[in-house]
Amino acid sequence: MLKPNFDQAEFLKDYWQKEPILIKKFFSNLEGYTNPEELLEIACINAVDSRIITTRPEYCVAERYSLTQGPFDADSLPALAEKNWSLLIQSAELWIPDLQEMIRAFGFLPRWRIEDIMVSFATQGGGVGPHFDQYDVFLVQGLGQRTWCIGERIDLTAPHQSPAGTVSTLNLIDEFEVNQKFTVESGDVLYVPPGYPHWGISQSPSLCYSVGFRAPSNAEMIESFSNRVMELLTESQRLTDHTTPAMRDSAEITTKDWQHAWEVVAGLLANKGAFLRAFGSLVTEAKSPEFIEPLADEVHIEELLAFRGPTVELVRNPASRFAYTVQTDSNPVLLFVDGESYELDRICLPGVRALCADALQNLFDISELWQKDESRALICRLVQSGALWLTEKED
Ligand code: SIN
Ligand code: CO
């Protein structure tokens, strides 16, 4: 259940990417998602990205935190009664499927921006230390209480150094001047935009769900776009010579020379269609591609339809990322799945929308997907790529 009077428009206008804000009682009934015992079990699974951070409160920041990377042996885990430690589980929504529901609560923001949910369990005094993130994060408090300190926004473009001697993966910064301080309880959500230093300390055994967002860096966008443009070029497309008889010095690159080269490159980079494909592919790259296994053999529609029935569902792989774009009425629909793009006739749009819809549903039930040959072929390709799979229906 979500806070009924949360003003999304006000949030987007005044806070999103600008200011931290505490939203009291944003969620109710958070108890059911998970519990410390289940998280400790998950931390022992080999494929899980888990970490334990132990705090020595009496030390300075540089020596206060130590990091142990999972997976863990059950008998190497600290006792729940022990103070000053925190367990972090990355991409927790893949292990606790009900967390997809929490992701849906942020449906007022583009889903392709969501990176994952990291769950942290911390005993009293536990936390990850003062740090800042490059991304927006919603810190959703589950069980227990945590006190968060927030500082003044720092300049993300300036070079930043962790205190000497700290473990670099902890991304710690020195203690900062505290501007805002909140003690959060179950259901409260603290939104922290990129670049705001923050620091949470658990007051009692507590759970926090960090709904993290992704934002491609300018360098990543240029890299994926230029790779896409390069795929369209051939070896024989080369710079043509513009030398004139008036050449002053054979050692000189003349303004005419480099400007001509620049015009050629700028012309190639003006390819908006290639940019759109590169961008869609970049932002739908899977965070955990190891959970998306392509099938060895081509999938045929008759084989797939043979599974349709009361016991089997066809659903999206929760590790897969789906998004689509539609330009104008006449343009084809572009579907992006796990970094691949698929061009489809505009008539397939209702099916594509259903395929990308927020709530995971049985795709066998979506009639639009099965009416057109083009979308049937698409479904087969997506099953083969591992982005869609067959599962047993839950009762
Ligand atoms: C935590 O869960 O303790 C840390 C989350 C964050 O600061 O992003
Ligand atoms: Co953070």
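Counting convention: from 1, in listed order, for ligands and their atoms alike.
Taking every non-hydrogen atom of V128 and a distance limit under 4.0 Å, the qualifying atoms of ligand 1 come out as 3 (O), 4 (C). Per-residue contacts place H198 under 4.0 angstrom from the following atoms of ligand 1 (heavy atoms of the residue considered): 6 (C), 7 (O), 8 (O). For ligand 1, the atoms sitting less than 4.0 Å from at least one non-hydrogen atom of H131 are 6 (C), 7 (O), 8 (O), numbered in the order shown with element in parentheses. Close contacts between ligand 1 and L139 involve ligand atoms 5 (C), 6 (C), 8 (O) [criterion: under 4.0 Å to a heavy atom].
Using modelled atom types, one finds no donor on one side chain facing an acceptor on the other under 3.5 Å when comparing E185 with T183. Between the side chains of D358 and Q100, no donor-acceptor pair is found at a separation under 3.5 Å.
Shortest contact from atom 5 (C) of ligand 1 to any protein heavy atom: S210 OG, 3.3 Å. Shortest contact from atom 2 (O) of ligand 1 to any protein heavy atom: S120 OG, 2.7 Å. Looking only at heavy atoms of the protein, atom 3 (O) of ligand 1 is closest to R146 NH1, 3.0 Å.
In this structure, R381 fails the cation-pi test against Y342, since its NZ or CZ atom is not both closer than 6.0 Å to the six-membered ring centre and inside 45 degrees of the ring normal.
With a 4.0 Å heavy-atom cut-off, ligand 1 is reached by the side chain of D133 but not by its N, CA, C or O.
Ring pair Y33/Y209 is perpendicular by interplanar angle, where above 60° counts as perpendicular and below 30° as parallel. Between F279 and W112, the ring-plane angle classifies as perpendicular under the 30° and 60° cut-offs. Taking the six-membered ring where tryptophan is involved, the planes of W199 and F176 are perpendicular, since the angle between them exceeds 60° and thus also 30°.
At a 3.5 angstrom cut-off on N or O pairs, S86 does not count as close to ligand 1.
Here the N, O or S atom of D133 that is nearest to the Co ion (ligand 2) is OD2.
Rounding to 10 degrees, one finds that the Co ion (ligand 2) sits at the corner of an angle of 90° between H131 NE2 and H198 NE2.
Centroid-to-centroid, the aromatic rings of Y191 and F106 stay 6.0 Å apart or farther.
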